[in-house]
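Reading through the structure tokens given below for one structure.
Side chains included, hydrogens not; waters and symmetry mates left out as well; all remaining heavy atoms used. Not measured: the values here are computed from a predicted model. Naming: A, B, ... by sequence-line order, numbering from 1 per chain.
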There are 2 protein chains.
Amino acid sequence: MMGMSLRHALLGLLADRPASGYDLIHRFKESLANVWPATQSQIYTELTKLADAGEITVSDEGPRGRKEYTITPAGLADLRHWLTEVAPKPITRNETLLRVFFLDALTPAEAITYLTTLESRSAAALAELLTLESAIDWTANPFSTNGHIALEWGKRFYRMNQEWAEWAKQQVT
Amino acid sequence: MMGMSLRHALLGLLADRPASGYDLIHRFKESLANVWPATQSQIYTELTKLADAGEITVSDEGPRGRKEYTITPAGLADLRHWLTEVAPKPITRNETLLRVFFLDALTPAEAITYLTTLESRSAAALAELLTLESAIDWTANPFSTNGHIALEWGKRFYRMNQEWAEWAKQQVT
DNA sequence: TCGTTCATGTAAGACGTTACATGATTGT
DNA sequence: ACAATCATGTAACGTCTTACATGAACGA
């Protein structure tokens, strides 16, 4: 009972509208994949737990055993509590940066290669987000404003990374 | 056998110089805490595994059961392989950003409060890094160049976050 | 002598990943 | 008929956190 972010991610999606586990898997892929990836296995398991805890209920059953879940008042209260009262854990683990500490174990040329790779990967990731941004109709649904704010973070993040990697190369030289 | 970053973090520190588990716990706190936190429990467990795998050896034993570990050629080869051949996993899970997707479940005023809190927390974190930066003698040890490059990343990261949060508030309004 | 620091280890439980397993329904 | 998609679930394994447990050595 420490992390529980997946729990609240599911509540957040169900607060928008009811959905089945199968629906939620796809909604994760579409919108949350970049900030909180989750597997099929994890989602089904967590939905069962949430139903047991009374935060969601099976509101409808369809063909092929489909179960549609709806958020309960208790679930909504939990979501709102998490959003307003619980401080988000700052990001810590960063594999990319961890390696930077050990660049001494490489030759200067190898270190430069590492940083150059980071630079171009950031550039590629940024380009991908820009493509995504222009492909989406940002006026369509209520999620879109928030989704756009999150995407803007990504753009700034990759731009920052790219510039930093370029700067870092000069430090190593 | 998927993550293994702790394994390589330990190898990286031991590549600099031999150390005991106890030493490594403190070195983690000093230098790696912000990029790859590890607990006492985890470190001792992993050192035993690394010794069993032949990547490190007990090179000395001291009072109070102290065991000093030294990296082996096999361990160094593994470290270098990890640094040059294994692509670092990009950061994904971001609790702060996850919440942004669900800001609709709050009132506009509450959403603004959330973003304002992010902004001031980023500002505080940046100030802390700037203090740290001026307190350290960056010419002292070989780790310092790399440590400084990592710290610069942190500065840019928090600055970016702060500016983004400010921008995001205007979007919500 | 007595508190602090040094020093190592184990156990329980949450969370995450990968793989396995099954089957109904729909469209061609 | 057959393939693709819809749809849900379990098992094994690895990592991470928290807590428990123990004791030697040092300094005042």
Legend entry - Sequence neighbours excluded - ring-ring contact (aromatic ring centres under 6.0 Å, His included) pairs with any residue from residues 48-83 of chain A: A:H8-A:W82
Legend entry - Pairing residues for A:T70 by the side chain to side chain donor-acceptor pair (under 3.5 Å) criterion, not counting sequence neighbours: A:S59
Legend entry - Residues that A:D60 engages under side chain to side chain donor-acceptor pair (under 3.5 Å), provided they are two or more places apart: none
Write out a two-atom table: protein N or O, nucleotide N or O from nucleotides 1-6 of chain C, distance below 3.5 Å.
residue: C:dC6; atom: OP2; partner: B:Y22; partner atom: OH; Å: 2.5
residue: C:dC6; atom: O5'; partner: B:Y22; partner atom: OH; Å: 3.1
residue: C:dC6; atom: O4'; partner: B:R64; partner atom: NH1; Å: 3.2

Inset, instruction - Scan residues 90-99 of chain B against DNA chain D and write down, sorted by residue number, each residue with any heavy atom closer than 4.0 Å; if none is found, say none. - result: none
Legend entry - Pairs touching residues 41-61 of chain B that satisfy ring-ring contact (aromatic ring centres under 6.0 Å, His included), sequence neighbours left out: none
Inset, instruction - Taking side chain to side chain donor-acceptor pair (under 3.5 Å) as the test, write out the residues that go with A:R156, two or more places apart. - result: A:E152
Inset, instruction - Could I get the full list of side chain to side chain contact (heavy atoms under 4.5 Å, CB included) partners for A:T113, not counting sequence neighbours? - result: A:T117
Inset, instruction - Using heavy atoms and a sub-4.0 Å distance, could you list which residues of residues 40-57 of chain A are near DNA chain C? By number, please. - result: A:S41, A:Q42
Legend entry - Which residue lies more 5' along DNA chain C, comparing B:K67 with A:P37 via nearest heavy atoms: B:K67
Inset, instruction - Sequence neighbours left out, what passes ring-ring contact (aromatic ring centres under 6.0 Å, His included) with A:Y22? Give chain and number order. - result: A:H26
Check residues 31-38 of chain B and write down every donor-acceptor pair under 3.5 Å in which the side-chain atom is one partner and the other belongs to a residue at least two apart or another chain.
residue: B:S31; atom: OG; partner: B:R27; partner atom: O; Å: 2.8

Inset, instruction - Apply side chain to side chain donor-acceptor pair (under 3.5 Å) to B:T116 and list each qualifying residue two or more places apart in sequence or on a separate chain. - result: B:K169
